[in-house]
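Structure first, commentary second.
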Amino acid sequence: MIFLKTEDEIDLLRSANQLVSKTHAELAKVIKPGVTTAQLDKIAEEFIRDHGAIPTFKGFPNPYGGPFPASICASVNDEVVHGIPNDVPLKDGDIVSIDCGTLLNGFCGDSCYTFCVGEVADEIKQLLKVTKESLYKGIEVALVGKRIGDISHAVQAHCEKHGYGVVREFVGHGIGKEMHEDPQVPNYGRPGNGPLLKNGLCLAIEPMITLGSPKIGMMPDRWTIKTLDGKCAAHFEHTIAIHHGKAEILSSFEEIEKIEGKLY
Ligand code: MG
Ligand code: MG
């Protein structure tokens, strides 16, 4: 069932997503070689709770195992999504995708950003650049009257044009009172296919893109997803609301990008 949102509900979704973006900005200030993802998780959880919200990832149920134990997903290098924060220090040249979710006043925020740790190889910076661009290409076509497949195709075409892999097993989603609502938003598809985009539709669009093959596997912790070829993966996610005929981006990378400067 697709739940279309009222303007009042979109206001609440905007607040929840702005808190995610502020959390990301807090993390951007401290991400550097030597910092652990467990430290980032602690900062994020405190920041979210200090702002009257709940980190939605913590305790999130898993059909394959135990609930998610942390407030952020931190996926390093060849980890694609759902990495569990740990005590391993980040190293110069790593990348780390921080996926973060909040529940504030009954509505959810969900956004992901892939950060550079120190000096990252040009080949990997290019992957980050193209993945982020593909997210905005998807958002550009999220117009009333278009379909989910138009978003999917825009993401896929941009990434594959650069020779990258598009992960198939994980997709974007509707968002509202629940973090994951209908419809699914794949990062691959055909234009003109899938559910029609209408005013009030709120979506998390989240390309998960690999430097090499898009084939992935689940680690024994039953959460962490890695590329099978060991090459890096990037993940950028915005929550958007379609209203007044077009997409408004409810989350924001602006503060992060100010802090990290022009990297690519
Ligand atoms: Mg997310
Ligand atoms: Mg999501």
Side-chain angles (χ1 to χ4, degrees), residues 2-3 5 13-28 37 40-41 44-45 47-48 53-63 67-76 79-85 95-104 107-115 128 131-132 134-136 138-139 142 148 151-152 155 166-188 195 201-209 216 223-225 233-242 247 249-253 256:
I2 293 174
F3 298 105
K5 276 75 185 180
L13 269 170
R14 189 184 298 105
S15 299
N17 278 284
Q18 283 174 350
L19 180 55
V20 173
S21 301
K22 284 182 192 152
T23 307
H24 270 137
E26 289 302 302
L27 300 181
T37 50
L40 300 177
D41 180 55
E45 177 165 9
F47 190 81
I48 291 166
I54 293 167
T56 33
F57 293 4
K58 198 154 201 177
F60 200 81
N62 181 354
F68 195 74
S71 294
I72 55 170
C73 296
S75 308
V76 179
E79 297 174 351
V80 182
V81 286
H82 304 163
I84 299 174
I95 55 170
V96 58
S97 302
I98 306 282
D99 200 348
C100 181
T102 60
L103 178 67
L104 179 65
F107 281 82
C108 290
D110 187 10
S111 176
C112 183
Y113 195 89
T114 303
F115 294 87
L128 302 185
T131 304
K132 196 196 282 188
S134 78
L135 170 58
Y136 289 107
I139 293 170
I148 293 289
I151 300 174
S152 304
V155 170
V166 176
V167 171
R168 301 293 202 270
E169 291 86 341
F170 294 91
V171 296
H173 49 90
I175 182 166
K177 290 183 179 178
E178 301 289 334
M179 184 163 64
H180 297 139
E181 296 186 355
D182 288 337
Q184 292 196 341
V185 187
N187 295 305
Y188 60 96
L201 185 61
C202 296
L203 301 172
I205 303 175
E206 48 181 316
M208 289 155 259
I209 305 300
I216 56 169
W223 276 107
T224 309
I225 302 296
H235 183 197
F236 288 90
E237 176 181 26
H238 270 316
T239 292
I240 66 161
I242 298 171
I249 305 175
L250 302 180
S251 44
S252 168
F253 297 153
I256 304 173

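Every number for a ligand or one of its atoms is a count from 1 in the order of the listing.
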Ring centroid separation Phe170 to His235 under 6.0 Å: no
Closest Glu206 atom to the Mg ion (ligand 2) [N, O or S only]: OE2
Check: His238 ring centroid to Phe253 ring centroid under 6.0 Å: yes
Name of whichever N/O/S atom of Glu237 is nearest to the Mg ion (ligand 1): OE1
Minimum side-chain heavy-atom gap Ile148-Leu203 below 4.5 Å: yes
The Mg ion (ligand 2) reached by His173 (N, O or S, under 2.8 Å): yes
Apex the Mg ion (ligand 1) - arms OD1 from Asp110 and OD1 from Asp99 - angle rounded to 10°: 100°
Ring geometry between Phe115 and His24 (parallel below 30°, tilted from 30 to 60°, perpendicular above 60°): tilted
